[in-house]
Amino acid sequence: MRAERADKKPAAQAKVRFTVTGGTGTTFEGGATTVTVTTKADGVAKAPALLAGGKPGALTVKATLLGTTKPVTLGLRGEVTAPRADKLVRTDETELTCEAGATFEGRIALTATRDGEAAPGVAATATVLAGADPADGEKAADKGPYFLTPGDEPAEDRRTRELPLTTDAKGNLLLPELHTDDTTGTFRLRVETTGGAVVVLELKVTEAA
């Protein structure tokens with residue numbers, strides 16, 4: 001911000017208060033939401049760097065010139081966007097085959113990146129889809145492989161084929177165990193992150209031995 005006197009000359013050694021507001025948790029470097037800065041000889045006051053908070057949403061930074069009979073305030077709007085990934089890959093190529101009424105061996109692991117770097121804290125959704133062909137639709141299947149949500153309720157009440165997930169600090173996703181009901185056939189598991197990174201895996205459920 002550049003402060004000027006009434007004659008349009010730089011207002012040196014003036015006090016400017018910067019305040020950041022909003023529900024994103026954004027602060028200035030050092031953790032404060034309000035800082036006061038003294039202008040330099042050219043009238044410029046520079047606030048500390050902004051550190052984005054952990055919640056997406058809008059924020060406002062207000063700069064108020066102090067020490068005048070009528071303080072002048074300038075407002076700037078900003079936004080914190082949700083963490084995103086542009087690439088999602090599975091960490092191994094083991095075939096995903098399981099007998100009906102059993103549990104797939106091992107847990108499916110994936111890694112999310114953005115611009116080649118690990119993408120932590122990215123929201124994702126894993127959805128079990130019916131059929132092996134995209135023409136079968138992109139809605140969650142009503143039978144076949146399923147996850148179990150946490151809780152004390154009976155397993156039957158915790159079955160889900162659409163599960164929200166979040167990448168860890170290294171951008172990794174480790175899906176919960178994937179179980180099967182008595183339906184055989186080929187299904188798809190679609191995992192998509194905020195930012196549009198997508199992986200579609202084929203799931204095969206065979207007759208129980």
Side-chain angles (χ1 to χ4, degrees), residues 22-26 52-58 79-114 118-209:
T24 66
T26 297
K55 296 181 180 180
E79 184 178 3
V80 176
T81 59
R84 296 172 179 268
D86 56 27
K87 188 175 183 180
L88 185 64
V89 295
R90 189 180 174 205
T91 58
D92 68 76
E93 299 180 356
T94 305
E95 188 176 66
L96 298 170
T97 300
C98 183
E99 292 183 353
T103 300
F104 282 86
E105 184 176 353
R107 294 167 63 182
I108 298 170
L110 306 104
T111 298
T113 56
R114 181 177 183 182
V122 177
T125 302
T127 308
V128 177
L129 307 171
D133 193 312
D136 294 319
E138 297 299 310
K139 291 184 178 181
D142 56 6
K143 57 185 177 180
Y146 63 89
F147 300 103
L148 289 176
T149 59
D152 299 325
E153 299 85 358
E156 285 286 336
D157 298 331
R158 293 188 287 116
R159 290 186 180 187
T160 183
R161 295 179 174 87
E162 190 167 18
L163 188 70
L165 302 161
T166 305
T167 61
D168 67 13
K170 295 183 179 180
N172 297 322
L173 278 176
L174 183 61
L175 277 60
E177 288 184 325
L178 191 59
H179 310 277
T180 65
D181 58 18
D182 58 1
T183 307
T184 60
T186 301
F187 301 83
R188 286 168 294 143
L189 176 64
R190 187 176 193 270
V191 184
E192 181 174 8
T193 70
T194 300
V198 179
V199 163
V200 179
L201 306 174
E202 188 174 82
L203 307 174
K204 295 181 180 179
V205 182
T206 61
E207 293 282 356

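All values reported here derive from a predicted model rather than from experimental measurement.
The number of heavy atoms from other shown groups lying within 6.0 Å of CD (Glu207) does not exceed 12. Heavy-atom neighbours of Glu105 CD from other residues, nucleotides or ligands within 6.0 Å: at or below the threshold of 12.
Considering only residues two or more places apart in sequence or on other chains, Ala82 meets the side chain to side chain contact (heavy atoms under 4.5 Å, CB included) condition with Pro56, Thr194. In terms of the ring-ring contact (aromatic ring centres under 6.0 Å, His included) criterion, Phe104 has no residue partners (sequence neighbours excluded). Take Thr149 and apply the side chain to side chain contact (heavy atoms under 4.5 Å, CB included) test, not counting sequence neighbours, and it matches Arg158, Thr160, Leu163. Not a single side chain to side chain contact (heavy atoms under 4.5 Å, CB included) links Asp152 to another residue, sequence neighbours left out. For Thr113, the side chain to side chain contact (heavy atoms under 4.5 Å, CB included) partners are Asp86, Lys87, Thr111, not counting sequence neighbours.
Residues in residues 155-181 take part in these ring pair (Phe, Tyr, Trp, His ring centres under 6.0 Å) pairs, two or more places apart or across chains: Tyr146-His179.
Atom CD in Glu99 sits 13.5 Å away from atom CG in Asp182 (nearest 0.5 Å). One distance of note links CD of Glu202 with CG of Leu129; it measures 12.0 Å at 0.5 Å rounding. Atoms CG and CG, from Asp142 and Asp181 in turn, are 9.5 Å apart once rounded to the nearest 0.5 Å. Here CZ of Arg159 is found 7.5 Å from CG of Leu148. Values are rounded to the nearest 0.5 Å. Rounding to the nearest 0.5 Å places OG1 of Thr127 at 8.5 Å from CZ of Phe147. Of the inter-residue distances, the one linking Leu173 atom CG with Asp168 atom CG reads 7.5 Å to the nearest 0.5 angstrom.
Of the possible donor and acceptor atoms, one in the side chain of Arg188 sits under 3.5 Å from a partner among the backbone N and O of Asp133. Checked by atom type and distance alone, the side chain of Thr26 pairs as donor or acceptor with a backbone atom of Gly53 at under 3.5 Å. Counting only distance, with no hydrogens or angles, the side chain of Thr184 and the backbone of Val205 share no donor-acceptor pair below 3.5 Å. With hydrogens and angles disregarded, a donor-acceptor distance shorter than 3.5 Å links the side chain of Thr180 to the backbone of Ala102. The backbone N or O of Pro83 lies less than 3.5 Å from no partner atom in the side chain of Arg114, so there is not a single donor-acceptor pair. For the pair Arg84 (side chain) and Val122 (backbone), a donor-acceptor distance under 3.5 Å is absent.
A pairwise comparison of heavy atoms in Arg161 and Ala141 identifies CD-O, 3.1 Å as the closest pair. Taking all atoms of both residues into account, the shortest heavy-atom contact from Thr167 to Gly121 is OG1-N, 3.0 Å. The two residues Pro120 and Ala169 make their nearest non-hydrogen contact at CB-O, 3.5 Å.
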| Can you list the steps and then say if Leu96 with Leu189 is a side-chain contact (heavy atoms from CB on, under 4.5 Å)? | CA-CA 10 Å; Leu96 298 170; Leu189 176 64; 5.6 Å; no
| message | Please evaluate residues Glu192 and Thr125 with respect to the criterion side-chain contact (heavy atoms from CB on, under 4.5 Å), reporting the C-alpha separation (whole Å), side-chain torsions for both, the decisive distance (0.1 Å), and the verdict. | response | CA-CA 6 Å; Glu192 181 174 8; Thr125 302; 5.7 Å; no
| request: Given side-chain contact (heavy atoms from CB on, under 4.5 Å), test Leu110 with Leu175 step by step and report yes or no. | output: CA-CA 8 Å; Leu110 306 104; Leu175 277 60; 3.4 Å; yes
| field | side-chain contact (heavy atoms from CB on, under 4.5 Å) evaluation trace for Ile108 with Val191 | value | CA-CA 11 Å; Ile108 298 170; Val191 184; over 6 Å; no
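Looking only at side-chain heavy atoms (C-beta outward), Leu165 and Pro176 come within less than 4.5 Å of each other.
Salt bridge absent: Arg90 and Glu93 never bring a charged side-chain N and a carboxylate O closer than 4.0 Å.
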